[in-house]
Structures are given as C-alpha cells and as structure tokens.
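See below for the structure under consideration.
Because the structure is predicted, anything quoted here is derived from the model rather than measured. Each residue takes its place number in the sequence, starting with 1.
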Amino acid sequence: MDDQFYMKQALAEARKAAERDEVPVGAVVVCKDRIIARAHNLTETLTDVTAHAEMQAITAAASALGGKYLNECTLYVTVEPCVMCAGAIAWAQTGRLVFGTADEKRGYQRYAPQALHPKTVVVKGVMADECAALMKEFFQRKR
C-alpha cells in the first residue's frame, strides 16, 4: 500500500465531514502498514474549535497505541494542517506527515513553517487536486 491508498482513506473521512456539514477535512494515522485511527472535522458537531480532523486522529491513535508518541506513524490529512494541528503533530513527534492540498490562508507553512518536530518527514501534494476539489465544492455550496 502506498500514500495514494491511505490518502483515499483520508478523503473518505473528509466526505463524511461534508455529509455532516463540516469543513471536509479527513485524516488517518497509519502505523506499521495498518490504519490505527480515522477522523474528520467535528468542530460544528462538537461546538469545539479544536476538533479538527488531525486532533481527533492524533487522540485516537495515541489511545490505540497506549502512548502519546506517534514517531513510528504516518498522519495522512487531506488539507495542510493549521498551526494548532502542526503543534499537536510536533508534540506527538509524528514520524511522517502526508497532506493533500496546501492551505494558503491558514496552513502552518505560512505562519509557522518550523512548527513540526525536526524529525518529521513531510510529503506534500498527494492527490492534491482531489483534496482541493472537495474543499472548493463545499465552500461553493455555502455561498
């Protein structure tokens, strides 16, 4: 299995978010070729501004592993993480971050490009067009 396979799983989560009228961001955490956590945005559902897909996935993954560090894991997320999520990814010492589309308005690269743990390997642009299209469709419906 490869990055595209797991990004498709994250996209499935993003679609679940869209169905709930949440911003369509999805995430999965993979450890040793196995998905250990799946999540999507729940900020509206939980009335919690911190309930981003990445935060939900990190919490679920840590619970599954029985520890707070994800240094042997890869986090797949459809949209570039915000600064808050980048901080959580850093604190979890996530081994690898793979994201789909960039977030030029709120992404961590714009505001805090050094926010991730120094050992975290970052892969950008996996299925970027599909990830961006989901976001564009969602916000066009909102307008």
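Summarising the geometry, atom CD belonging to Glu13 is positioned 8.5 Å from atom CD belonging to Gln9; distances are rounded to the nearest 0.5 Å. The CE atom of Met55 lies 4.5 Å from the CE atom of Met84; values are rounded to the nearest 0.5 Å. The CZ atom of Phe5 sits 5.5 Å away from the CD1 atom of Ile35 when rounded to the nearest 0.5 Å. Atom CZ of residue Arg96 and atom OG1 of residue Thr120 lie 11.5 Å apart, to the nearest 0.5 angstrom. Taken from CD1 in Ile58 to CD1 in Ile89, the straight-line distance is 5.0 Å, to the nearest 0.5 Å. A distance of 9.0 Å separates CZ in Arg106 from SG in Cys82, rounded to the nearest 0.5 Å.
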*Could you go step by step and tell me if Gln93 and Lys119 meet the side-chain contact (heavy atoms from CB on, under 4.5 Å) rule?*
CA-CA 8 Å; Gln93 297 182 16; Lys119 291 184 179 177; over 6 Å; no
*Using the side-chain contact (heavy atoms from CB on, under 4.5 Å) rule, take Val122 and Leu116 through it: C-alpha gap first, then chi angles, then the decisive distance, then the call.*
CA-CA 9 Å; Val122 179; Leu116 298 177; 3.4 Å; yes
*Test side-chain contact (heavy atoms from CB on, under 4.5 Å) on Cys85 and Val77 and set out the steps.*
CA-CA 11 Å; Cys85 292; Val77 62; over 6 Å; no
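Evaluation of the side-chain hydrogen bond (donor to acceptor under 3.5 Å, both in side chains) rule for Lys32 yields no partner, not counting sequence neighbours. Residues passing the side-chain hydrogen bond (donor to acceptor under 3.5 Å, both in side chains) test with Thr43, sequence neighbours excluded: Glu22.
Side-chain contact between Leu65 and Cys73 is present, with heavy atoms from C-beta onward closer than 4.5 Å. Under the 4.5 Å side-chain criterion, counting only non-hydrogen atoms from C-beta, Met127 is in contact with Lys8.
Contact between Ala39 and Ala57 at its shortest, heavy atoms only, is CB-N, 3.5 Å. Listed here is the closest heavy atom pair of Ala17 and Val23: CB-O, 3.6 Å. Across Thr78 and Met7, no two heavy atoms sit closer than the pair CA-SD, 4.0 Å. Nearest heavy-atom pair, Ala61 versus Ala37, reported as atom, atom and distance to 0.1 Å: N-CB, 3.6 Å.
The ring-ring contact (aromatic ring centres under 6.0 Å, His included) contacts involving residues 105-132 comprise nothing, where partners must be two or more places apart or lie in separate chains. A ring-ring contact (aromatic ring centres under 6.0 Å, His included) check over residues 68-95, counting only residues at least two apart or in different chains, returns the pairs Tyr6-Tyr76. Annotation: side-chain hydrogen bond (donor to acceptor under 3.5 Å, both in side chains) contacts involving residues 51-61, sequence neighbours excluded, are absent.
Residues Phe99 and Val79 fall within the same hydrophobic cluster, defined by Ile, Leu, Val, Met, Phe, Trp and Tyr side chains chained together at heavy-atom separations under 4.5 Å. Hydrophobic cluster membership differs between Val98 and Leu70, with clusters built from Ile, Leu, Val, Met, Phe, Trp and Tyr side chains linked at under 4.5 angstrom.
Asn41 places no side-chain N or O within 3.5 Å of a backbone atom of Pro24 that could act as its donor or acceptor partner. A donor-acceptor pair is defined here as one N or O able to donate and one able to accept, closer than 3.5 Å; no such pair exists between the side chain of Thr74 and the backbone of Val30.
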Name the atoms and distances for all side-chain donor-acceptor pairs under 3.5 Å in residues 130-143, with sequence neighbours left out.
from, atom 1, to, atom 2, distance (Å)
Lys142, NZ, Asp21, OD1, 2.9
Lys142, NZ, Asp21, OD2, 2.8

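Between Lys16 and Glu19 there is no salt bridge, since none of the side-chain N atoms of the basic residue sits less than 4.0 Å from a carboxylate O of the acidic one.
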